[in-house]
Chemist: 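Mind having a look at this structure? Questions to follow.
If you read the sequence from its start, that first residue is 1, and numbering goes on from there. In this text the structure is predicted, and so the values were computed from the model without any measurement.
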Amino acid sequence: MKPATPAGAVTKDFEEGERLIASKDYAKAIKSFKKAAEQGHALAQNYMGLIYAKGLGVTHDFQKAEPWFRKSAEQGEPLAENNLGLMYARGEGVAQDYKQAVFWLLKAAEQGNSEAQYNLAFMYAKGQGVTQDDEQAVHWFRKAAEQGDEVAQYNLAFMYEKGIGVKQDYQQAVFLYSMAAGQGSADAQLNLGGLYDTGEGVEQDQKQAVTWWSKAAEKGHPVAQNNLGLMYAQGHGVAQDYIEAHKWFSLASEAGDESAKNGLKIAESFMTASQIAEAKELANDWKKSHP
């Protein structure tokens, strides 16, 4: 037996639409989804909304997306409830209305949709459509984080680190940053490196700080690049190396990190002309391999 969806048994037309859209045959996919959607299939209706919202094989048109999302959302489909909520939050295809955004996001969040849980947490954190409430933001970020949402894990970690809406707890911050960092979040890698550097919530370990800042720096995070430059310049957690320090200061400076410009000048004061030339070549090589 095939599994049922929240909207009921998956129809043949819907299955065909999924197959076609996966192969990027949008024209045929639209025909199949539309057949299913017109029969009241909630997931097909949500797909029709996405097709217009993203301009897949059709002209990008939020106003045409909105009625399809609404039909699906009114059947209780959480994916569509989240999508409709986002349209209200952003004013896409409808007049911006934060209260309506919260109304639909809450419906999806209560059904366990992690994206809606994250979006609802954001609304509480910003006080959009609801009274600003950090504790509610923590509640919904936690729900999304527990489902593996990388950005929610990062935000919840930050709230634990700073004691926003929850008692300050560096160990929880380290745990959650580690979860997000392991999924590739450069911001989480940056902050996790910072906690290892200061020894907050974890035993101080500058080698680990270098490890995590290196990961974020390789993703082009300018603050991590500057921090990595400092570690190489000072020989903290890594052998002192002004050439490497110069390389990372240079990259961070070009990316807009103002403090890296000062680091660059200081590093150059300890370097020969040939070392500076080598460092510049390394930075150029890095840029070529990270377009």
Chemist: State the CD-CE distance between E146 and M179, to the nearest 0.5 angstrom.
Modeler: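 It comes to 9.5 Å.
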Chemist: Any side-chain to backbone donor/acceptor pair from E115 onto D149? Under 3.5 Å, distance only.
Modeler: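 Pair absent, no side-chain N/O of E115 close to backbone of D149.
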Chemist: Just jot down the side chain to side chain contact (heavy atoms under 4.5 Å, CB included) partners of E110, sequence neighbours excluded, or say none.
Modeler: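 Counting only residues at least two positions away or on another chain, E110 forms a side chain to side chain contact (heavy atoms under 4.5 Å, CB included) with L106, W140.
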Chemist: Would a distance-only check, ignoring hydrogens and angles, find a side-chain to backbone donor-acceptor pair under 3.5 Å from D257 to S253?
Modeler: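 Side chain of D257 to backbone of S253, a donor-acceptor pair under 3.5 Å: no, none is there.
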Chemist: Test side-chain contact (heavy atoms from CB on, under 4.5 Å) on D197 and Q206; report intermediate values, then the result.
Modeler: CA-CA 5 Å; D197 186 46; Q206 290 184 321; 3.4 Å; yes
Chemist: Please enumerate all residues that pass side chain to side chain contact (heavy atoms under 4.5 Å, CB included) together with V174, with sequence neighbours excluded.
Modeler: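 Partners of V174 by the side chain to side chain contact (heavy atoms under 4.5 Å, CB included) criterion, ordered by chain and then number, come out as S178, L192, L195, V202.
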Chemist: I'd like to know if the side chain of S72 reaches the main chain of A42, judged simply by a donor and an acceptor atom lying under 3.5 Å from each other, with no hydrogens or angles considered.
Modeler: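 Yes, the answer is positive, given that a donor and an acceptor are paired below the 3.5 Å cut-off.
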Chemist: Run Q189 and T211 through side-chain contact (heavy atoms from CB on, under 4.5 Å) and show every step you take.
Modeler: CA-CA 9 Å; Q189 290 165 348; T211 295; over 6 Å; no
Chemist: Can a side-chain donor-acceptor contact be found between Q168 and Y170 if the only test is distance below 3.5 angstrom?
Modeler: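 Yes, a side-chain donor-acceptor pair sits under 3.5 Å.
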Chemist: Under 4.5 Å between side-chain heavy atoms, hopping through other hydrophobics if needed: is there a path connecting M123 to F103?
Modeler: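 M123 and F103: separate clusters.
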Chemist: Can you give me the closest heavy-atom contact between A209 and M231, atom names plus distance?
Modeler: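 That closest heavy-atom pairing would be CB-CE, 4.3 Å.
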Chemist: Would you confirm whether Q240, through its side chain, and G235, through its main-chain N or O, come within 3.5 Å as a donor-acceptor pair?
Modeler: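 Flag not set: sc Q240 to bb G235 has no pair under 3.5 Å.
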Chemist: Judged by atom type as modelled, is there a donor-acceptor pair below 3.5 Å linking the side chain of Q132 to the main-chain atoms of A125?
Modeler: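 Flag set: sc Q132 to bb A125 pair under 3.5 Å.
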Chemist: Hey, is NZ on K31 packed in by over 12 heavy atoms from elsewhere, all under 6.0 Å?
Modeler: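 Counting other residues, nucleotides and ligands, NZ of K31 stays at 12 neighbours or fewer.
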Chemist: Tell me whether Q45 contacts the main-chain N or O of A37 through its side chain, where contact means a donor paired with an acceptor under 3.5 Å.
Modeler: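 Here the side-chain-to-backbone pair exists.
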Chemist: Distance check, rounded to the nearest 0.5 Å: N191 atom CG versus L176 atom CG?
Modeler: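 Interatomic distance, N191 CG to L176 CG, rounded to 0.5 Å: 12.0 Å.
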Chemist: With sequence neighbours excluded, give me every side chain to side chain donor-acceptor pair (under 3.5 Å) pair touching residues 61-71.
Modeler: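 Applying side chain to side chain donor-acceptor pair (under 3.5 Å) to every pair that reaches into residues 61-71, excluding sequence neighbours, yields E66-R70, R70-Y88.
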Chemist: Return each pair, listed once, that meets side chain to side chain donor-acceptor pair (under 3.5 Å) where at least one residue sits in residues 220-233; pairs must be two or more places apart or across chains.
Modeler: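 The answer is D187-H221, N226-S259.
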Chemist: Does Q183 have any side-chain hydrogen bond (donor to acceptor under 3.5 Å, both in side chains) partners at least two apart in sequence or in another chain, and if so, which?
Modeler: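 For Q183 the side-chain hydrogen bond (donor to acceptor under 3.5 Å, both in side chains) partners, ignoring immediate neighbours, are Q153.
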Chemist: Sequence neighbours excluded, which residues qualify as salt bridge (charged side-chain N to carboxylate O under 4.0 Å, His left out) partners of E258?
Modeler: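 E258 satisfies salt bridge (charged side-chain N to carboxylate O under 4.0 Å, His left out) with K261 only.
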Chemist: Name the atoms and distances for all side-chain donor-acceptor pairs under 3.5 Å in residues 158-165, with sequence neighbours left out.
Modeler:
from : atom 1 : to   : atom 2 : distance (Å)
Y160 : OH     : R142 : NH1    : 3.0
Y160 : OH     : R142 : NH2    : 2.9
E161 : OE1    : Y177 : OH     : 2.6

Chemist: For the CD atom of Q100 and the CH2 atom of W104, what is their distance to the nearest 0.5 Å?
Modeler: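 Between Q100 CD and W104 CH2, I get 7.5 Å after rounding to 0.5 Å.
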Chemist: Start with the C-alpha distance between L50 and L79, add both sets of side-chain angles, then the distance that settles side-chain contact (heavy atoms from CB on, under 4.5 Å), and finish with yes or no.
Modeler: CA-CA 10 Å; L50 288 172; L79 294 173; over 6 Å; no
Chemist: Test of understanding: clusters of I, L, V, M, F, W, Y form through side-chain heavy atoms closer than 4.5 Å, transitively. Do L105 and Y118 belong to the same one?
Modeler: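 Hydrophobic grouping puts L105 apart from Y118.
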Chemist: Rounded to the nearest 0.5 Å, how far apart are CZ of F270 and CD1 of I266?
Modeler: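 Rounded to the nearest 0.5 Å, the CZ-CD1 separation comes out at 8.0 Å.
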Chemist: What pair of heavy atoms forms the shortest contact from A108 to A116, and how long is it?
Modeler: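 The answer is CB-CB, 3.4 Å.
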Chemist: Let me see the working for S185 and V151 under side-chain contact (heavy atoms from CB on, under 4.5 Å), right down to the final yes or no.
Modeler: CA-CA 8 Å; S185 167; V151 185; over 6 Å; no
Chemist: Among all residues two or more places apart in sequence or in another chain, which pass the side-chain hydrogen bond (donor to acceptor under 3.5 Å, both in side chains) test with E16?
Modeler: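 Applying side-chain hydrogen bond (donor to acceptor under 3.5 Å, both in side chains) to E16 gives R19.
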Chemist: State whether a side-chain donor-acceptor pair under 3.5 Å links E268 with Q275.
Modeler: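 Their side chains do not contain a donor-acceptor pair, so the 3.5 Å distance test is not met.
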Chemist: Would you give the length of the straight line joining atom CD of E74 to atom NZ of K107, rounded to the nearest 0.5 angstrom?
Modeler: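 Those atoms lie 10.0 Å apart.
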Chemist: According to side-chain hydrogen bond (donor to acceptor under 3.5 Å, both in side chains), who are the partners of E278, at least two apart in sequence or on a separate chain?
Modeler: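 For E278, no residue satisfies side-chain hydrogen bond (donor to acceptor under 3.5 Å, both in side chains) once neighbours in sequence are set aside.
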Chemist: So does E38 have more than 12 non-hydrogen atoms from other groups sitting under 6.0 Å from CD?
Modeler: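 Yes, enclosed.
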Chemist: Any side-chain to backbone donor/acceptor pair from Q75 onto E77? Under 3.5 Å, distance only.
Modeler: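 No; zero donor-acceptor contacts below 3.5 Å.
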Chemist: Is any side-chain heavy atom of I30 less than 4.5 Å from a side-chain heavy atom of M48?
Modeler: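 Yes, at least one pair of side-chain atoms sits under 4.5 Å.
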Chemist: Measuring only between side-chain heavy atoms, which start at C-beta, is D134 closer than 4.5 Å to Y124?
Modeler: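 Side chain of D134 against side chain of Y124, heavy atoms only: no contact under 4.5 Å found.
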Chemist: Looking only at side-chain N and O atoms, does H236 offer a donor or acceptor that is under 3.5 Å from a partner on Q234?
Modeler: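 H236 and Q234 do have a side-chain donor-acceptor pair below 3.5 Å.
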Chemist: What heavy-atom pair brings L228 and A217 nearest, and what distance separates the two atoms?
Modeler: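 Nearest pair, atom of L228 first, then A217: CD2-CB, 3.9 Å.
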Chemist: Which class fits the ring pair F33 and F14: parallel under 30°, tilted 30 to 60°, perpendicular over 60°?
Modeler: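 The arrangement is tilted - the two ring planes meet at 30° to 60°.
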Chemist: Ignoring hydrogens and angles, tell me if any N or O in the side chain of S250 forms a donor-acceptor pair with the backbone of H246 under 3.5 Å.
Modeler: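 Side chain of S250 to backbone of H246: no pair is present.
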Chemist: Would L20 end up clustered with Y47 when hydrophobic side chains under 4.5 Å apart are linked, directly or stepwise?
Modeler: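 No, it is not one cluster - the side chains of L20 and Y47 are not joined through contacts under 4.5 Å.
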Chemist: Give the minimum heavy-atom separation between A65 and G49, together with the two atoms involved.
Modeler: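 Heavy atoms only, the tightest pair is CB-O, 3.2 Å.
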Chemist: Spell out, yes or no, whether Y98 and L84 are grouped together once hydrophobic residues are joined by side-chain heavy atoms under 4.5 Å, including indirect joins.
Modeler: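 No, no single cluster joins them.
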Chemist: Identify whether I276 and L251 are in the same connected component of the hydrophobic contact network (ILVMFWY, side-chain heavy atoms under 4.5 Å).
Modeler: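 Per the 4.5 Å side-chain linkage, I276 and L251 are not co-clustered.
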Chemist: With side chains defined as the heavy atoms from C-beta onward, is the minimum distance between N113 and Q111 less than 4.5 Å?
Modeler: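 In short, these two side chains do not touch, never coming nearer than 4.5 Å.
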Chemist: Measure from the side-chain N and O atoms of H60 to the backbone N and O of Y52, and report whether any donor-acceptor pair falls under 3.5 Å.
Modeler: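 Checked: no pair found.
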Chemist: Can you run down the salt bridge (charged side-chain N to carboxylate O under 4.0 Å, His left out) pairs that involve residues 238-252, sequence neighbours left out, and say none if there aren't any?
Modeler: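 Applying salt bridge (charged side-chain N to carboxylate O under 4.0 Å, His left out) to every pair that reaches into residues 238-252, excluding sequence neighbours, yields E244-K247.
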Chemist: Mind listing the closest non-hydrogen atom pair of A73 and A80 along with its distance?
Modeler: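 Reported closest heavy-atom pair: N-CB, 3.6 Å.
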Chemist: Are the side chain of W213 and the backbone N or O of L190 linked by a donor-acceptor pair below 3.5 Å?
Modeler: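 Yes, the answer is positive, given that a donor and an acceptor are paired below the 3.5 Å cut-off.
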Chemist: Considering all heavy atoms of both residues, which atom of L156 and which atom of A145 are nearest to each other, and what is their separation?
Modeler: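 What the structure gives for the nearest pair is CD2-CB, 4.2 Å.
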Chemist: Atom CG in D205, atom OH in Y196: separation rounded to 0.5 Å?
Modeler: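 These two atoms lie 7.0 Å from each other.
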Chemist: Apply side-chain hydrogen bond (donor to acceptor under 3.5 Å, both in side chains) to E218 and list each qualifying residue two or more places apart in sequence or on a separate chain.
Modeler: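 Partners of E218 by the side-chain hydrogen bond (donor to acceptor under 3.5 Å, both in side chains) criterion, ordered by chain and then number, come out as W286, H290.
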Chemist: Are Y26 and V58 close enough that some pair of their side-chain heavy atoms sits under 4.5 Å apart?
Modeler: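 No, every pair of side-chain atoms sits at 4.5 Å or beyond.
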Chemist: Hydrophobic clusters join Ile, Leu, Val, Met, Phe, Trp and Tyr when side-chain heavy atoms are under 4.5 Å apart, directly or via other members; which others share one with F249?
Modeler: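 Members besides F249, by chain and number: L230, L264.
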